[in-house]
Structure formats: C-alpha cells, structure tokens
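In what follows, a single structure is set out as structure tokens and then discussed.
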Amino acid sequence: MILSCATYSAHAEKLRIAVSANFALPVEVLVKEFKKTHPFTEQISVASTGVLYQQIRHGAPFDIFLAADLRRPQLLEEQGLIFDKYRKTYAIGQLALWSATSEQNISLDNLKNYDGRIAAAGPHIAPYGLAAKETLMSLNLWTKYHQKLIVGNNINQTYQQIHSGAVTYGFISYSQLLNSKIGHGVLVDDSLHHALEQQMVVLKHAENVNLATQFFEFLLSNTAQKIISQTGYLPAITIPEQDESESTPKNGKDNTTEIAVASI
C-alpha cells in the first residue's frame, strides 16, 4: 500500500521507503522533519516486515527498508542485498493491549477471564504478532487463545479490527495506542516477549543511494531519536558514532526511558 507520494518539482530527488506497518505514522513525521534540509519526493510503502522482506528479495524498487525486527535485515545482509555498515537499530518497539470498546482501565488480567476472540498480527510475518504470541505464552494463555485468534496481515489491519469493535481486545503497537482516541489500553511488560529491536538497511539496488544513506544517518541523529521516543518507541540502544572515513557507497556498486502505562 502506498501511503503518500508528495509532488515537487520534476528535478526533486525521490526516496522510496519500505516501512513496517507499526512505524507508518512515525516515518511520516520523520520524513517531514528531514525535508526541512533535504527537499525530495517520497514514496512510502507499508506492509508487514515479512511481506516487505519477500518483496525486496524479489527485486521490489525500494531504497531503504525500516523493519520491525532485526532478523530480516540480518537475512538481507547475509544475502548480499544491502550496503556494508548500513544495517542499524533505529528504534525499540513496544507492545500494547487495547480495547476500543472498554469504558474502564484494562490490564493483561482481563484476558484471563475473557472468553471471546482477540486480535493480533500474524506471528509468522509480523514481529509484533510474534511478540503478542510470546506474551500469551508467557501468561500461559496461548492454549486458550491460539485457536480463536483473529490474525491480521499486519498490525494496522489488527488495529482496524479492534477499532471497528469486531473484537474486544487485541495487540497493537504502543505507538498506535498513543494515537488512539477511544477505549483503553495498557503497555505490555517487555519481559513477556522478545525485544522488538527495529533495524533499517540501505538496499544495494537503491536508485538514490546518497539520499537513502543521508536519511539513514538522519534517523540515528539526536533530532530523529527524540521524535522516535515521542511517538511511542524507546530510542535505539546504541547510537553508532559517525566514522568520517566511512564513505558513502556508490549507487549500484558494492560498495528505560520511564514508561507510563497508557490509559486513554
């Protein structure tokens, strides 16, 4: 799904961004900030990390990929599809349980006595779906729910399933919860699932490598990390130092933040 493609002059550079569904809204904020110093047009493609990974393997025309995990970026690196030194963690994701219809505060304990269906993104293609599965397993609730889980293709679809009232409870990103205007939600303790370390890569078949690497480096800057932390993520654990000797690859060549429990 293409979210946006801004129109600028015919000479403006174009950046093609593939982004995991959980980060669709933050990346628009970050692009807007980056444009203050780098005028360009953008094409933002949103899907689950697993779907985007498969598209990239089959030659999808993206310049930079913002995944919701580190496994797919690692696989792309092993397959020789990314530039050396252009795989970094840009954010740490957080999982939330949300009910759009609840009129009072909720907690994970609500799931122990609930007998209906719940929603989550597909664990096999979406890291947040896998984290939801791991959370249910940690709570000894997987056996209860796995046969009646409403599985979305990505976390945005899961959000819509909950928002529509089709299901009472579901797992979304904490970033989505912060943007929700109805119902109640709660941040999931990150000890209940694997760390949602989100990595990005610059792809070797990028058409505009210079712009892609500049955006990559911008996402690691203090300015971008502050925006990321304001949109429901923990900033990257390690901000790599910029090595002046590390040249930009040529196009086509080898070359605890205190966490408040959300209640809305």
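Note: hydrogens, waters and symmetry copies are ignored here, and every other heavy atom, side chains too, is used.
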**Worked verdict on Gln199 versus Asp69 for side chain to side chain contact (heavy atoms under 4.5 Å, CB included)** = CA-CA 6 Å; Gln199 290 200 337; Asp69 65 6; over 6 Å; no
**Asked** Are any of the side-chain heavy atoms of Ile92 and Tyr233 separated by less than 4.5 Å?
**Response** no
**Request:** Verify whether one side chain among Glu217 and Tyr86 offers a donor that lies under 3.5 Å from an acceptor in the other.
**Result:** yes
**Complete:** Here the gap from Arg16 atom CZ to Ile44 atom CD1, rounded to the nearest 0.5 Å, amounts to 13.5 Å
**Asked** Given side chains that start at C-beta, do those of Ile56 and His205 come closer than 4.5 Å, heavy atoms only?
**Response** yes
**Prompt:** Salt bridge or not for Glu42 and Lys35, using N-O below 4.0 Å?
**Reply:** yes
**Rounded distance (nearest 0.5 Å) linking atom CG of Asn208 with atom CD1 of Ile64** = 11.5 Å
**Message:** Working to the nearest 0.5 angstrom, can you tell me the gap between Ser102 OG and His184 NE2?
**Reply:** 5.5 Å
**Counterpart residues, side-chain contact (heavy atoms from CB on, under 4.5 Å), relative to Glu77 (two or more places apart)** = Ile82, Arg87
**Message:** Quick check against the 3.5 Å criterion: does Ser20 have a side-chain atom that pairs as donor or acceptor with the backbone of Phe23?
**Reply:** no
**Request:** Report whether Leu70 and Tyr128 are members of the same hydrophobic cluster (ILVMFWY, side-chain heavy atoms less than 4.5 Å apart, transitive linking).
**Result:** no
**Message:** Please evaluate residues Gln176 and Asn156 with respect to the criterion side chain to side chain donor-acceptor pair (under 3.5 Å), reporting the C-alpha separation (whole Å), side-chain torsions for both, the decisive distance (0.1 Å), and the verdict.
**Reply:** CA-CA 9 Å; Gln176 291 173 310; Asn156 285 346; 2.9 Å; yes
**Prompt:** Does Asp115 offer a backbone N or O that forms a donor-acceptor pair with the side chain of Lys148 under 3.5 Å?
**Reply:** yes
**Prompt:** With side chains defined as the heavy atoms from C-beta onward, is the minimum distance between Thr49 and Pro127 less than 4.5 Å?
**Reply:** yes
**Prompt:** Are the side chain of Ser180 and the backbone of Ile182 linked by a donor-acceptor contact shorter than 3.5 Å?
**Reply:** no
**Fill in**
Taken to the nearest 0.5 Å, the spacing of Ile228 CD1 from Lys226 NZ works out to 13.5 Å
**Validation row: Phe65, Ile17 side chains within 4.5 angstrom (heavy atoms)** = no
**Message:** Looking at Glu197 and Ala68, would you say the former's side chain and the latter's main chain have a donor-acceptor pair under 3.5 Å?
**Reply:** no
**Prompt:** Honestly curious: do Leu130 and Leu196 fall in one hydrophobic cluster under the side-chain, below-4.5 Å linking rule?
**Reply:** no
**Request:** Hey, can you tell me if Tyr145 and Tyr114 have their rings parallel, tilted or perpendicular (30° and 60° cut-offs)?
**Result:** parallel
**Verdict with supporting geometry, Lys204 and Asp63, salt bridge (Lys or Arg N to Asp or Glu O under 4.0 Å)** = CA-CA 8 Å; Lys204 280 187 176 177; Asp63 300 321; over 6 Å; no
**Asked** Taking the side chain as C-beta and beyond, is there a heavy-atom pair between Ser45 and Gln43 under 4.5 Å?
**Response** yes
**Asked** Would a distance-only check, ignoring hydrogens and angles, find a side-chain to backbone donor-acceptor pair under 3.5 Å from Ser48 to Asn154?
**Response** no
Please output the side-chain donor-acceptor pairs of residues 118-126 that fall under 3.5 Å, not counting sequence neighbours, one pair per line with the distance.
none

**Request:** Keeping the roles fixed (side chain from Gln94, backbone from Gly232), state whether a donor-acceptor pair exists under 3.5 Å.
**Result:** yes
**Request:** Check the pair Tyr174, Asn22 against side chain to side chain donor-acceptor pair (under 3.5 Å), reporting the backbone distance first and the verdict last.
**Result:** CA-CA 9 Å; Tyr174 185 54; Asn22 78 90; over 6 Å; no
**Request:** Give me the ring orientation class for His163 and Trp98: parallel if the planes are under 30° apart, tilted from 30 to 60°, perpendicular past 60°.
**Result:** tilted
**Complete:** To the nearest 0.5 Å, atom CG of Leu15 lies from atom CG of Leu211 at 4.5 Å
**Crowding at CD, Gln104 (>12 non-hydrogen neighbours, <6.0 Å)** = no
**Request:** Go through the steps for His194 and Glu134 under the test side chain to side chain donor-acceptor pair (under 3.5 Å), then give the verdict.
**Result:** CA-CA 8 Å; His194 74 283; Glu134 292 172 345; 2.5 Å; yes
**Asked** In chain order, what residues pass the side-chain hydrogen bond (donor to acceptor under 3.5 Å, both in side chains) check against Lys144, with sequence neighbours excluded?
**Response** none
**Asked** Taking everything shown except Lys32 itself, do over 12 heavy atoms lie less than 6.0 Å from its NZ?
**Response** no
**Heavy-atom side-chain contact between Thr135 and Phe171 under 4.5 Å** = yes
**Asked** Can you check whether Gln161's main-chain N or O pairs, donor with acceptor, with Ser164's side chain at less than 3.5 Å?
**Response** yes
**Prompt:** In Å, rounded to the nearest 0.5 Å, how long is the span from CG of Leu234 to OG1 of Thr89?
**Reply:** 12.5 Å
**Message:** Would Leu219 and Leu66 count as a side chain to side chain contact (heavy atoms under 4.5 Å, CB included) here? Give the steps.
**Reply:** CA-CA 10 Å; Leu219 293 181; Leu66 307 182; 3.7 Å; yes
**Asked** So is Lys14 actually on top of Phe40's ring, under 6.0 Å and inside 45° of the axis?
**Response** no
**Message:** For a 4.5 angstrom cut-off between non-hydrogen side-chain atoms, does Ile172 reach Leu95?
**Reply:** no
**Request:** Evaluate the side chain to side chain contact (heavy atoms under 4.5 Å, CB included) criterion for residues Val27 and Tyr90: first the C-alpha distance (whole Å), next the side-chain angles of each, then the deciding distance (0.1 Å), finally the verdict.
**Result:** CA-CA 11 Å; Val27 81; Tyr90 64 92; over 6 Å; no
**Request:** Would you indicate whether the side-chain heavy atoms of Tyr53 and Val51 approach each other to under 4.5 Å?
**Result:** no
**Request:** Begin with the C-alpha distance, continue with both residues' side-chain angles, and end with the deciding distance and a verdict on side chain to side chain contact (heavy atoms under 4.5 Å, CB included) for Val201 and Gln74.
**Result:** CA-CA 9 Å; Val201 296; Gln74 283 178 333; over 6 Å; no
